[in-house]
Number of protein chains: 2
Amino acid sequence: MDEQARPPRTGDAFGRVLRRCWEAGARPGSAFEVVERDDGHIGVGDAARYFTPPDDLSALDRWALGRARGRILDIGCGAGRHALALARTGSDVTGLDPSPGAVGVAADRGLRVELGSIAEPPPGLGRFDTLLLLGNNLGLLGGADRAGEVLWGLASLARPGARLVGTGMDPATDEPEHRDYHAWNRRRGRLPGQLRIRVRDGALAGPWFDYLLVDPDGLRALAADTPWRVREIEREGRDHVAVLSLGH
Amino acid sequence: MDEQARPPRTGDAFGRVLRRCWEAGARPGSAFEVVERDDGHIGVGDAARYFTPPDDLSALDRWALGRARGRILDIGCGAGRHALALARTGSDVTGLDPSPGAVGVAADRGLRVELGSIAEPPPGLGRFDTLLLLGNNLGLLGGADRAGEVLWGLASLARPGARLVGTGMDPATDEPEHRDYHAWNRRRGRLPGQLRIRVRDGALAGPWFDYLLVDPDGLRALAADTPWRVREIEREGRDHVAVLSLGH
């Protein structure tokens, strides 16, 4: 019977989770994000965290937002929790997300937001003084094979003197199922924290993508052959904010 | 890359979810039950519902518990929410569950509980005046091909004059992803509400099993060639309690 099981349909699973949570008033317990990893691991998070009000953002997130200035792009903005916090204080901020559902929710919440990604920005997006990769979106660097391309893509969105402010997570953990995965990654030539994941919701699955957990030293190494240099690191346990800028 | 994904390990995923929830004080939001269906559908429920305190049980559950008498077996007892409600009022109740993790948690909570199933009851379990299939556990009838065997198995656990008290759910729904699944079931010769599911948790997956959503008419039909007869039905929306007893 196992062999007869059908795969899920590919679609905007992440966007649908956000939409359902938003329609339930962003109430905790109303919608869950299910993340499947390519070792068969399933993780669950409450989608309400994508709607955290500005005053409830973590100290690290608030520190990161404090580094934003000028024309700001929030990359992978989701439902807009970070960008809306900036917009509220008068910042010139635009959101960017590849999920049509996320873009729809963020727009409903009053954010100026565009559909697209670093690799495929919408026409006319222009350049920015601050590029944000919050909510652990330094993960979008993907892996050693892709990070250079992503960082060069970010440079193409940057004005002279721009900064990149991102949050990331150290992959080191005592959790056996994650340690097993990191060991498997090493055996197949990937960075230990290079997660291959997709979002699942009902009969929908989003596309598989690589999402990188990397510590500050790893980030410095990935940036070495790019125009970006790490200038500041602020840590809190396994989490950190990195501020990078262009040039030597 | 999709082809290179590994399957999860088979294990007691359900028991691990219950254990984690229990160790977090059965707090809502502390552990989630992820149910995968063989069409790729993923559903998520808060595991705290397996720890509902007696006073917070639904009216239908309380009606069902009111039909229990004599020596009582709670089949698929999970963390023991129903059996503990009966034990608190002095009933002679034993729990039965095939999940070692569930049995461990139920025992920690003070329930007399045995590891096993209808098909494989533990030695010396004996016979009962009331067999409970609560928490939608009429679903354990499985399907048209298995229900007879399950009902005969239940009869072998029954004392003369015993009753079977179970809760079930009507499969009829307006939800497109469930309607598609019911149609697929019909095409492959299964009952519409015959769910093929397994529990997933982290890198673990429980075994695939059939779980049947059936309305009272369907239940009567499944019981026709068995010693059981449906005597009472109590409905509440899509949910119902059925009381069956032995003999004509």
Side-chain angles (χ1 to χ4, degrees), chain A residues 1-11 13 16-17 20-21 27-49 142-143 175-181 184-185 187-188 190 194-210, chain B residues 1-11 13 16-17 20-21 27-49 142-143 145 175-181 184-185 187-188 190 194 196-210:
Chain A
M1 193 67 196
D2 202 331
E3 329 40 272
Q4 294 174 27
R6 296 199 295 195
R9 284 186 292 120
T10 300
R16 197 168 72 173
V17 172
R20 193 164 62 249
C21 190
R27 189 171 33 80
S30 60
F32 300 101
E33 182 192 32
V34 174
V35 177
E36 180 184 17
R37 205 169 57 189
D38 66 344
D39 63 339
H41 186 281
I42 290 269
V44 183
D46 195 310
R49 69 200 166 92
E175 213 283 284
E177 292 185 346
H178 296 321
R179 292 176 67 95
D180 287 353
Y181 184 71
W184 185 43
N185 266 342
R187 288 198 301 277
R188 54 185 179 154
R190 292 162 64 89
Q194 190 174 348
L195 316 182
R196 183 99 183 144
I197 56 176
R198 62 177 178 178
V199 176
R200 294 187 64 164
D201 182 59
L204 280 189
W208 288 103
F209 64 102
D210 278 1
Chain B
M1 193 68 197
D2 203 331
E3 333 38 276
Q4 295 175 26
R6 297 200 295 197
R9 285 185 292 120
T10 300
R16 196 169 73 172
V17 172
R20 194 166 60 248
C21 190
R27 187 171 34 83
S30 60
F32 301 102
E33 182 191 31
V34 175
V35 177
E36 180 183 17
R37 205 168 58 189
D38 66 344
D39 62 340
H41 186 280
I42 290 269
V44 183
D46 195 310
R49 68 199 167 93
D145 52 339
E175 212 283 287
E177 291 185 346
H178 296 322
R179 292 176 68 95
D180 287 351
Y181 185 72
W184 185 44
N185 267 341
R187 288 197 300 278
R188 54 183 181 157
R190 293 163 64 88
Q194 190 174 349
R196 182 104 184 138
I197 56 176
R198 62 178 179 177
V199 177
R200 294 187 64 166
D201 182 59
L204 281 188
W208 287 104
F209 63 102
D210 277 2

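To find a chain, count down the sequence lines: A is the first, B the second, and so on, and within it residues start at 1.
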For A/R20, enumerate each residue passing the salt bridge (charged side-chain N to carboxylate O under 4.0 Å, His left out) test, keeping only those at least two apart in sequence or located in another chain.
A/D201

Got A/R196 and A/Q194 here, is their nearest side-chain heavy-atom distance under 4.5 Å?
no

Nearest atoms (heavy-atom pairs only) where B/P207 meets B/G11:
CD-O, 4.4 Å

Heavy-atom closest pair, residues A/E177 and A/H41:
OE1-CD2, 3.4 Å

From A/R190, A/R188, A/R198, residue fulfilling salt bridge (Lys or Arg N to Asp or Glu O under 4.0 Å) relative to A/D38
A/R188

Using a 4.5 angstrom heavy-atom cutoff, name the option from A/G43, A/A13, A/A203, A/P28 with the most pairs to chain B.
A/A203

Identify which of A/G202, A/A31, A/P8, A/G29 forms the greatest number of heavy-atom pairs closer than 4.5 Å to chain B.
A/G202

Is it the side chain or the backbone of B/P7 that comes within 4.5 Å of chain A heavy atoms, both, or neither?
backbone

Chain A heavy atoms under 4.5 Å from B/R9: which part of the residue, side chain, backbone, both or neither?
side chain

Chain B contact via A/E36 - which portion, at a heavy-atom distance below 4.5 Å:
side chain

Below 4.5 Å, heavy-atom pairs only: which of B/L204, B/V44, B/V34 has the largest tally toward chain A?
B/V44

